[in-house]
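So that the names make sense, note that chain A is the first sequence line, chain B the second, and so on, each numbered from 1.
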Amino acid sequence: MRNKVIELLTKVLKVGISDESSSETMPEWDSLAHMRIVVMIEDSFDIEVEDEMLPKLNSLVSIIKYLESKIG
Amino acid sequence: MSISRFAVNNENRPVSVLVCSNVTLHPFDEFLEKELEPFNVTVKIADFDNVWMGAENAVTDFVFIHNDILNLTVDYTSRFTDKDYSASLASHLESRISGLKQNLQKVNSPKIISTNLVGTALSLSHVDHNVEEMCSRYNRAIGGLTNSVLNFDRALADFGLANSLNWSGFYRFSAPYKHDFLQYLAKQVATEIKRQLLSVKKVLVLDCDNTLWGGVVGEDGASGIKFDDSSPKGKCFNEVQKLIKSLSGLGVLLAVCSKNNYEDAAEAFTQETLPLTMDSFSCVKINWEDKTKNIEEIAKELNLGLDSFVFLDDSSFEISNMLSRRPEVTSLQVPESIFSYPNFFRNQVMPLFNLSKITAEDMNRAEYYSSEKQRTDVKAEFDSKEEYINSLQLEIHIKNNDLNSVARIAQMTNKTNQFNLTTKRYSEDEIAALVESTNVNVLSGSVQDKFGDSGKTILAIVNDLDTKVAVLDTFLMSCRVIGRNLEYAFLDTLINELKQTGCEQIRAKYVKTLKNSQVQDLYDRLGFIRDKDTETVREYYLDLAEYTPKSTEKIGIRYEK
């Protein structure tokens, strides 16, 4: 799962991804990129992200943590 | 083939495409770039909510416009109850389109590709005429602006609604499309851009047996081939022949290239019910020579390059022979199932030729003429202008300080030249400030008659309302409604309103420009008194108590404070 998330993020952000990657550390991670990341996560893992989670999925770590809680 | 062949600009820069949409289309830009990879194309999506202005400052070769019914700023649910919904929304869209048109012409003249507006995404089980009408009005307007209009309904149908729409994306990000569908849409747009970048096809070269008719004339005889309604397959060939004939009517040159005895094929063409005759073709090669040799001779005779040729044949041997030896010719094979042949011809063959341009012009012309022609027809029936104007059932809907129309009002001050007394230009921000000021009235009027809605076309800005002497800062009327004496009815209302607020006098000016001489005497005609007169400026005042209404025709007024 971790690899898949990194793959998705790389595809959208087009830069190297590390554990520190987040919207705060990366200028590439803007609101448009965020939109695409959410849509791709939903498509790839076949889930629907809750509205209140949208702003929180703003880093590699938080996305992985969220997906673990969601699909184990 | 080198890339420079495709350059549409002389500056050796990449071909640029600007995407304007009322919904979020990302990552459509990446998809489109990918589809157009060999052409060195850069794609930029105009800022969201900036759909109509995004094109303004860019040097652009292509503009792709996509407006979706899902995001038309107006509450679509009101369409069920408001009978004017479609008309007001359509005229709103039309005026935005004409604004865009102006912007685009100011910068450079890119080729414009758009989708048509369709109601599919919000459709009910029954046909909704309100939406149909709105879409058709929008599509007429956009048709007049663009070089080609892509059939968005067809794209949705090909893909299926459930596979196209992403509702959570729409409600969260105004991004209503699934990525797969965006990719598909990008492919359609890319095909159109490629078609316009590549040399235009001018010649359609056709085989005979099993391409123009069913069967082999050398074996079945002229009476044995199938080309008419008497057999199911004959119907298909008949339809294709008629489509070919229509292409020829649009300026496409036709040629025959067939391996046959000349006499056999020639006899087939003499049959009365065959839509095409020998005369339909600019060049005929019926012999047993290699087809690549024949097609070269046709090119020589017509004095056209092979890259403007489309070759249609049922034989896979002939097609692959042509593809490998004359790759510049676009070669297409007739589908194996003849029942899909007419559909194939419509969707694969016809789009290779430049029909879209013709369609757009026709649409434009049709729209331009239809309501104006009706007005002229009616005009001829009346003895006096007054009678004519009365017959139009004119109505002006005046709104005071209409915040929703700031963009259109600013646009009117910048666009209108002929019927414009002071020709003051305002930005949207300036208009918004005026609308909100308690000291200023911005009166905008939209005009309707029995033939249609001309949209917001009259404007007056009145300053200094807090004193007893108001100033008519701006008075203008769009040229599409000039000549119907609307200015009198509009001013009658304006002055009546001013009187009621305690105003005693109004001052006005005519400032001469190169284009506004038709209104140089307007205030004189309206009974204003001229008290200053120079080469370029005439100044007037009017005591409101002295004013008598000037409008003599039946013009309805609706006034909203």
Side-chain angles (χ1 to χ4, degrees), chain A residues 1-18 21-72, chain B residues 14 17-37 41-51 53-54 58 64 66 68 70-71 121 159-186:
Chain A
M1 179 171 69
R2 186 187 154 83
N3 288 344
K4 189 150 188 200
V5 175
I6 292 178
E7 190 191 316
L8 290 180
L9 291 181
T10 315
K11 198 170 166 190
V12 175
L13 301 170
K14 299 189 180 64
V15 288
I17 299 297
S18 71
S21 296
S22 82
S23 62
E24 276 148 30
T25 60
M26 305 171 75
E28 295 84 4
W29 196 322
D30 58 11
S31 58
L32 268 176
H34 191 65
M35 172 196 96
R36 292 182 51 196
I37 289 165
V38 172
V39 171
M40 285 177 112
I41 287 172
E42 288 190 330
D43 279 359
S44 315
F45 295 95
D46 199 20
I47 54 168
E48 189 168 302
V49 177
E50 299 81 5
D51 283 347
E52 60 274 17
M53 285 307 297
L54 286 179
K56 294 179 189 155
L57 299 181
N58 65 343
S59 69
L60 176 66
V61 175
S62 66
I63 291 173
I64 290 173
K65 219 165 118 190
Y66 170 74
L67 285 173
E68 276 168 357
S69 74
K70 191 88 180 170
I71 52 180
Chain B
V17 183
L18 183 75
V19 178
C20 296
S21 176
N22 69 339
V23 292
T24 309
L25 282 186
H26 302 79
F28 179 81
D29 46 346
E30 288 169 31
F31 293 155
L32 188 57
E33 275 180 10
K34 196 153 209 177
E35 292 292 336
L36 291 166
E37 217 153 30
V41 170
T42 58
V43 181
K44 184 179 176 296
I45 297 185
D47 293 342
F48 186 62
D49 255 358
N50 213 358
V51 177
M53 294 298 142
F64 171 59
H66 171 66
D68 197 293
L70 285 171
N71 216 17
F159 225 72
L161 221 45
N163 298 321
S164 313
L165 299 177
N166 173 1
W167 291 109
S168 69
F170 172 60
Y171 286 107
R172 281 173 178 165
F173 312 113
S174 300
Y177 308 123
K178 293 194 170 167
H179 283 186
D180 288 352
F181 177 70
L182 277 180
Q183 199 139 26
Y184 182 77
L185 191 64

(request) Name all residues meeting the side-chain hydrogen bond (donor to acceptor under 3.5 Å, both in side chains) criterion together with Ser62(A); count only those two or more places apart in sequence or in a different chain, and write none if there are none. (result) Ser59(A)

(request) Let me know if Val12(A) has heavy atoms under 4.5 Å from chain B in its side chain, its backbone, both or neither. (result) neither

(request) Tell me, yes or no, whether the heavy-atom count around Lys178(B) atom NZ, taken from other residues, nucleotides or ligands under 6.0 Å, exceeds 12. (result) yes

(request) Anything in residues 25-35 of chain A with a heavy-atom distance to chain B below 4.5 Å? Please list those residues in order. (result) Leu32(A), Met35(A)

(request) Scan for salt bridge (Lys or Arg N to Asp or Glu O under 4.0 Å) pairs involving residues 47-60 of chain A, sequence neighbours excluded, and state none if there are none. (result) Glu50(A)-Lys70(A), Asp51(A)-Arg172(B)

(message) Going by salt bridge (Lys or Arg N to Asp or Glu O under 4.0 Å), name the pairs with one or both residues in residues 5-14 of chain A, residues two or more places apart or in two chains.
(response) Lys14(A)-Glu30(B)

